[in-house]
2 protein chains.
Amino acid sequence: MKLSLRGEYALRAMQVLAERHGGPVVSIQTLSEEQNIPKRFLEQILNDLKSSGLVESRRGMAGGYRLAMAPAAVPLASIIRYIDGALSPVSCVSERFYEKCSCPDETRCALRSVMKEVRDAVAQMMEKTTLADLIARAQKLRAVPMGPMDFII
Amino acid sequence: MKLSLRGEYALRAMQVLAERHGGPVVSIQTLSEEQNIPKRFLEQILNDLKSSGLVESRRGMAGGYRLAMAPAAVPLASIIRYIDGALSPVSCVSERFYEKCSCPDETRCALRSVMKEVRDAVAQMMEKTTLADLIARAQKLRAVPMGPMDFII
DNA sequence: ACAATCTCTATTGCATAAGTAGGGATTTGT
DNA sequence: ACAAATCCCTACTTATGCAATAGAGATTGT
């Protein structure tokens, strides 16, 4: 039930790009250092994201990456789907990555109906949360930076 | 974001065992045929489930497996967690399989707070749904066997 | 020209998943 | 007692995908 590291890196990089949206492009170097992501690996991931149309790049000395659209227009689901594939726990309930499963009767499969609800919950969450929401959350978290336990010393 | 095949097989086998709860034990052979699961692979899985205490076995000629407890006492979450591990999309939000992540500040990570909500949604669903619920669903699905489109011809 | 960047393809190493195999132990039916 | 069907256990194989690394090329600003 896990996201790949690749997917996690993609989300984190995209969040940084979203925070700097409007400013100059951000280099892999910067993203890599800021988020502790292996540079060469991140390079691949950003290349994929570029193919997806979610980011644009600028080459050369002052090159780097930026979002291809406004943060509010990019749901997390798009990023994950492009990098990792299905959001569904089993592919027989996936809308975009459907594959037949080996169970005797898919139409009457009780497990399938449960998994469909899980899928819907996850998809709805990932669909409605955009990079802009991520930025808003980050701001709130900065405002109340510490958990309750951190005041003990 | 996917369940392993191993996990899916486990759930399907457990569902059959739940349906036959109270009756005689069910052999691997039967489970394998009924659910189209490779026999030898299923054998391993059932062995694992036995170690977890969720099923009991009986050896010998009329041997097989049965649930170790009532279907209503077995949430899907227990099965998945035992076979596949965490329900969380990233391990830094997992309650039982927590691992530190590589992001600069976990306590203020916006992505993490989103993932935590996803985790909670999935966990709640898997926790509240038991094998007994699965049986109930299966009965409802048998009562209304076909989807609307199936009436066209 | 040069340096910093992105671009593209390939390769490697590693872990895990999925499935297979063989032989042993236990129970039942005859 | 014996055979047949089953579970039990360990090991092995094979495939797949993930994570990371490598090298050579293209683009841009100075």
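For the numbers below, each heavy atom of this structure counts, side chains included, while hydrogens, waters and symmetry mates do not. All values reported here derive from a predicted model rather than from experimental measurement. Numbers restart at 1 for each chain; the letters A, B, ... are given by sequence-line order, proteins then strands.
One can place CZ of Arg12(B) at 12 Å from P of dA18(C), the figure rounded to the nearest angstrom. Straight-line distance from the OH atom of Tyr65(A) to the C1' atom of dA4(C): 13 Å, rounded to whole Å. Distance NZ (Lys2(A)) to C1' (dA17(C)): 15 Å, rounded to an integer number of Å. Rounded to whole Å, atom P of dG13(C) lies 17 Å from atom CZ of Phe41(A). Atom CG in Leu46(A) sits about 8 Å away from atom P in dC6(C), given to the nearest Å. As rounded to whole Å, 18 Å separates atom P of dT16(C) from atom CG of Leu5(B). Rounded to whole angstrom, the span from the CZ atom of Arg40(B) across to the P atom of dG22(C) amounts to 9 Å. For the pair Lys39(A) NZ and dA19(D) C1', the interatomic distance rounds to 18 Å; values are reported in whole Å.
Sequence order on DNA chain D of the closest nucleotides to Arg6(A) and Gly60(A) puts Arg6(A) first from the 5' end. Looking at which nucleotide of DNA chain D each of Ala62(B) and Leu42(A) is closest to, the 5′-most match is held by Ala62(B).
The side chain to side chain donor-acceptor pair (under 3.5 Å) check on Arg112(B) picks up nothing, with sequence neighbours excluded.
Salt bridge status for Lys128(B) with Asp133(B): absent, with no side-chain N to carboxylate O gap under 4.0 Å. In summary, Glu95(A) and Arg81(A) do not engage in a salt bridge, as defined by a charged side-chain N under 4.0 Å from a carboxylate O. Residues Lys2(A) and Glu8(A) are not paired through a salt bridge, judged by the lack of any N-O separation under 4.0 Å between the basic side chain and the carboxylate.
Atom CG of residue Leu76(A) and atom CG of residue Leu134(A) lie 5.5 Å apart, to the nearest 0.5 angstrom. For the atom pair CG of Leu31(B) and CD of Glu34(B), the computed distance is 7.0 Å after rounding to the nearest 0.5 Å.
One side chain, Asp84(A) or Ser4(A), offers a donor N or O that lies under 3.5 Å from an acceptor on the other. Residues Ser102(B) and Arg12(A) have side chains that bring a donor and an acceptor to within less than 3.5 angstrom of each other. Side chain to side chain, Ser94(B) and Ser91(B) fail the donor-acceptor criterion of an N or O pair below 3.5 Å.
Checked by distance alone, Glu43(A) brings a side-chain donor or acceptor within 3.5 Å of a matching partner on the base of dC8(C). Between the side chain of Gln44(A) and the base of dT9(C), no donor-acceptor pair under 3.5 Å is found.
With dG19(C), dA22(D), dT27(C) as the choices, the nucleotide that has an atom nearest any side-chain atom of Met61(B) turns out to be dT27(C). Side-chain atoms of Pro38(A) lie closest to dT21(D) of the nucleotides dT21(D), dC6(C), dA18(C).
OP1 or OP2 of dT28(C) lies within a sub-4.0 Å distance of a side-chain N or O belonging to Arg58(B). The side chain of Ser4(B) contributes no N or O atom lying less than 4.0 Å from OP1 or OP2 of dT16(C). A close approach under 4.0 Å does occur between a side-chain nitrogen or oxygen of Lys50(A) and OP1 or OP2 of dT7(C). Of the side-chain N and O atoms in Tyr9(B), one or more sit less than 4.0 angstrom from OP1 or OP2 of dG19(C). Phosphate contact (OP1/OP2 of dC8(C), side-chain N/O of Asn47(A), threshold under 4.0 Å): present.
Listed in residue order, the members of residues 21-32 of chain B having a heavy atom less than 4.0 Å from DNA chain D are Ser27(B), Ile28(B).
The end-to-end axis angle of the helix from dA1(C)-dT30(D) to dT30(C)-dA1(D), rounded to 10 degrees and based on five pairs per end, is 10°.
Closest non-hydrogen pair, Ala10(B) versus Leu49(B), comes out as CB-CD1, 4.2 Å.
As judged by a 4.0 angstrom heavy-atom cut-off over every strand, Gly63(B) is placed among residues touching the sugar-phosphate backbone only.
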